Amino acid sequence: MRLGKIIKKCKTFVEIKNFLDFEVKGISDNSKRIKENFIFAAVKGEKQNGESFIPTLSKIKKVAIIVSENYEIKSKSSNFVFIKCKSVRKVLSEVSSIIFTNNVNQKIAVTGTNGKTSVVHYTRQIWNILGKNNSGIGTLGIFFNNKKIMKSDLTTSNSITNHKILSKLSKKNCEKVIFEASSIGLDQYRLFPIKFDKVAFTNLSRDHLDYHKKFDVYKKSKSLLFSEYTKKNSVAVIFSDSKYSDYFKDICNRKGLKILDYGRKASFLKIKNIKKLSDKFFVSVDLNRKNLDFEIEASSEYEILNKICSLLLVFAHKIKKTHFKIIHKLNSPSGRLEKIYNKNDLQVFIDYAHSPNALKVVLQSLKRLTKRNLILVFGCGGDRDKGKRSMMTKIAVKFADQIIITNDNPRFENPKTIINDMIAEINNENLKKIKKIESRERAIMSSINIIKPHDILLIAGKGHENYQIVKKKKILFSDKDIALKYLLKK
């Protein structure tokens with residue numbers, strides 16, 4: 001497509017300088033990938049500003065550069081076409097959508113502090129059962145039907161990747177797509193200008209404050225999915241029991257969206273009772289004023305809630321009692337309260353919980369199952385929200401009987417500093433529960449050495465991840481593989 005046509009199609013206001021029309025062959029926000037006939041988006045990040053790399057492109061002909069409206073064009077840059085705008089990220093995403101067109105029939109997105117990955121995973125499974133060509137895009141990667149076709153380093157991929165993959169999926173006759181929509185992804189326009197047919201909110205608690213700084217800013221970023229990424233006939237699936245559900249419902253009402261809520265306080269799908277029965281749960285709900293009871297094997301209550309959310313996203317207001325039979329066919333995603341060992345009266349779980357509320361929920365769930373001691377191995381990430389570190393340890397000592405604090409992804413922080421932050425506000429009595437072992441492998445090995453029959457061990461924080469981030473390096477590391485290595489020796 002020619003540059004002039006792309007600019008004409010762009011609805012976001014832009015100002016063009018030094019216009020020269022040419023056939024666009026690619027787009028990138030990485031200056032090292034720019035070639036002749038490319039568009040370069042000079043994005044300003046936390047550490048680097050793409051505008052500072054513009055001089056490195058001086059020898060390349062026919063390049064269009066998306067820059068901020070305040071960028072001063074220098075005489076040496078006269079061979080570039082400049083696209084000046086208020087938000088480089090927003091224009092990058094819209095231009096990407098114009099270059100990489102798609103005709104996917106139904107697009108869905110789910111947001112929330114916890115549960116996004118599970119809801120995407122369950123929704124994909126339901127579509128597979130129904131025989132629909134589908135895709136799930138999120139933390140676990142990019143899937144087409146039952147096959148993983150691409151890895152993902154982000155919960156919500158960058159805008160170029162998102163639009164490029166939608167275009168590729170169209171060519172595969174993909175009918176339905178569901179995205180995980182993170183607060184950062186929404187704030188950075190990574191899904192712009194998609195208007196979703198269905199959107200969902202699972203819950204909200206403290207997370208990503210290293211980026212957003214304030215909780216209200218974090219909450220507002222989540223709400224963008226409902227205020228900016230929906231259309232007149234979009235459907236919103238809302239978890240009514242969140243204390244922030246009214247905030248999201250108010251936005252939906254102002255937008256005129258159809259709301260399908262679920263939970264104990266819900267109007268549409270009201271949960272009357274969830275009761276633990278040995279290794280199963282008894283669930284009683286009212287659906288359109290009709291009672292429905294069923295039993296389900298699950299590790300936790302929130303697993304059931306996420307499956308219900310997925311059913312609503314697939315069937316919406318047409319959901320029937322018979323659809324609940326599908327719940328029994330759904331398997332949980334890797335690393336989400338995943339039971340990796342259950343022999344000799346020993347149970348070992350791994351979970352991705354890396355926020356205070358997520359850790360609280362998973363520990364509460366396992367505490368109900370524990371006949372003897374609940375043992376926890378966990379850490380906190382470096383270069384991330386420091387305020388949640390002591391909060392997570394306070395939650396840990398409340399529910400766990402024995403705790404080993406270890407490294408998570410230390411990144412560029414000193415692991416000792418992270419651990420000291422984690423225990424800084426813990427009293428002497430609770431400190432007796434805690435053991436500090438920096439090496440994550442040795443921490444896992446130590447936990448397996450002390451586990452006894454009828455204990456439950458939870459290794460939290462990394463879940464499905466198969467690496468640790470230490471400074472600039474990604475080191476291969478899997479909680480599951482390491483735990484099973486030592487469990488087989490026990």
Side-chain angles (χ1 to χ4, degrees), residues 93 96-97 100-112 115-152 154-157 159 161-182 185-186 190-202 225-226 229-238 257-260 262 269 306-320 322-327 329-333:
S93 196
S96 296
S97 74
F100 305 109
T101 58
N102 76 85
N103 58 3
V104 176
N105 184 49
Q106 186 183 65
K107 300 180 186 77
I108 296 174
V110 55
T111 198
K116 298 185 297 295
T117 301
S118 295
V119 170
V120 167
H121 182 76
Y122 297 137
T123 302
R124 281 199 310 105
Q125 286 184 69
I126 298 169
W127 282 335
N128 286 333
I129 291 167
L130 298 175
K132 304 292 184 183
N133 279 343
N134 71 88
S135 176
I137 301 174
T139 306
L140 298 181
I142 299 169
F143 291 79
F144 179 60
N145 294 335
N146 284 315
K147 187 178 180 182
K148 185 174 181 178
I149 59 174
M150 194 184 296
K151 291 182 180 179
S152 177
L154 299 167
T155 298
T156 305
S157 300
S159 56
T161 299
N162 285 327
H163 292 296
K164 191 180 286 187
I165 197 66
L166 281 173
S167 184
K168 288 180 179 178
L169 289 167
S170 286
K171 293 168 186 174
K172 293 176 178 285
N173 297 316
C174 182
E175 303 169 72
K176 301 173 183 292
V177 173
I178 181 166
F179 285 89
E180 287 185 52
S182 69
L186 291 166
R190 294 181 197 167
L191 295 169
F192 186 80
I194 301 171
K195 298 294 184 182
F196 291 98
D197 301 285
K198 296 173 186 174
V199 289
F201 164 71
T202 55
L225 179 61
F226 302 85
Y229 291 85
T230 53
K231 47 194 176 183
K232 285 185 178 180
N233 60 345
S234 296
V235 173
V237 175
I238 305 286
L257 306 183
K258 171 79 173 176
I259 298 174
L260 302 179
Y262 66 102
L269 198 155
N306 289 334
K307 288 177 178 178
I308 289 172
C309 179
S310 299
L311 283 176
L312 287 172
L313 282 173
V314 172
F315 299 108
H317 61 280
K318 294 181 180 179
I319 192 167
K320 301 174 183 177
T322 53
H323 292 146
F324 283 81
K325 294 178 182 178
I326 295 174
I327 280 184
K329 300 177 182 178
L330 304 181
N331 299 314
S332 294

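None of these values were measured; they are calculated from a predicted model.
Judged purely by atom type and a 3.5 angstrom limit, S135 has no side-chain atom pairing as donor or acceptor with the backbone of V177. Within the 3.5 Å criterion, the main-chain N or O of S159 finds no donor-acceptor partner in the side chain of S93. Remark: side-chain polar atoms of N162 are paired, donor with acceptor, to backbone N or O of S157 under 3.5 angstrom. Put simply, the side chain of H121 gets close to the backbone of N331: a donor and an acceptor are under 3.5 Å apart. For the pair S152 (side chain) and T139 (backbone), a donor-acceptor distance under 3.5 Å is absent. Of the possible donor and acceptor atoms, none in the side chain of E175 sits under 3.5 Å from a partner among the backbone N and O of N105. Put simply, the side chain of K116 never gets that close to the backbone of E180: no donor and acceptor are under 3.5 Å apart. No donor-acceptor pair closer than 3.5 Å links the side chain of D197 to the backbone N or O of S234. Judged by distance alone, the side chain of H163 and the main-chain N or O of R190 form no donor-acceptor pair under 3.5 Å.
Here the closest non-hydrogen pair linking I327 and I308 is CD1-CG1, 4.4 Å. K148 and K151 make their closest contact through CE-CA, 4.2 Å (heavy atoms, listed as atom of the first residue, atom of the second, distance). The minimum heavy-atom distance linking K329 with I129 is given by the pair CB-CD1, 3.9 Å. Smallest separation of non-hydrogen atoms from L140 and P333: CD1-CB, 3.7 Å.
In this structure, the separation between SG on C309 and OH on Y262 is 3.5 Å, given to the nearest 0.5 Å. Put simply, CG on N145 and CZ on R124 are 9.0 Å apart, with the number rounded to the nearest 0.5 Å. Distance check, rounded to the nearest 0.5 Å: CG of L312 to NZ of K198 gives 9.0 Å. For the atom pair K132 NZ and Q106 CD, the distance stands at 9.5 Å (nearest 0.5 Å). For the atom pair L191 CG and K107 NZ, the distance stands at 11.5 Å (nearest 0.5 Å).
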query: Does the pair N134 and I126 meet the rule for a side chain to side chain contact (heavy atoms under 4.5 Å, CB included), with working shown?
result: CA-CA 10 Å; N134 71 88; I126 298 169; over 6 Å; no
- request: Take V120 and F179 through the side chain to side chain contact (heavy atoms under 4.5 Å, CB included) test and state the conclusion after the steps.
  value: CA-CA 7 Å; V120 167; F179 285 89; over 6 Å; no
- prompt: Could you walk me through whether L166 and F100 pass the side chain to side chain contact (heavy atoms under 4.5 Å, CB included) check?
  reply: CA-CA 8 Å; L166 281 173; F100 305 109; over 6 Å; no
message: For a side chain to side chain contact (heavy atoms under 4.5 Å, CB included) check, start with the C-alpha distance between N102 and L169, then their side-chain angles and the critical distance, and finish with the verdict.
response: CA-CA 8 Å; N102 76 85; L169 289 167; over 6 Å; no
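Atom NZ of K195 is surrounded by more than 12 heavy atoms from other residues, nucleotides or ligands within 6.0 Å. In K172, the NZ atom is not crowded: 12 or fewer heavy atoms of neighbouring residues, nucleotides or ligands sit closer than 6.0 Å. Annotation: K231, atom NZ; neighbour count of heavy atoms from other residues, nucleotides and ligands within 6.0 Å is above 12.
Looking at heavy atoms from C-beta onward, I137 lies out of side-chain contact with T161 at the 4.5 angstrom threshold. The shortest side-chain heavy-atom distance between L186 and T156 does not fall under the 4.5 Å cut-off. In this structure, Y122 and L313 have side chains that are not in contact, with every pair of non-hydrogen atoms separated by 4.5 Å or more. Put simply, the side chain of L130 reaches to within 4.5 Å of the side chain of F315, judged on heavy atoms. For the pair I108/K176, no side-chain contact is recorded, criterion being any heavy-atom separation below 4.5 Å from C-beta on. Contact annotation: the side chain of F143 never approaches that of N128 to less than 4.5 Å [non-hydrogen atoms, C-beta and beyond].
F196 and Y229 have tilted rings, their planes meeting at an angle from 30° to 60° on a 0 to 90° scale.
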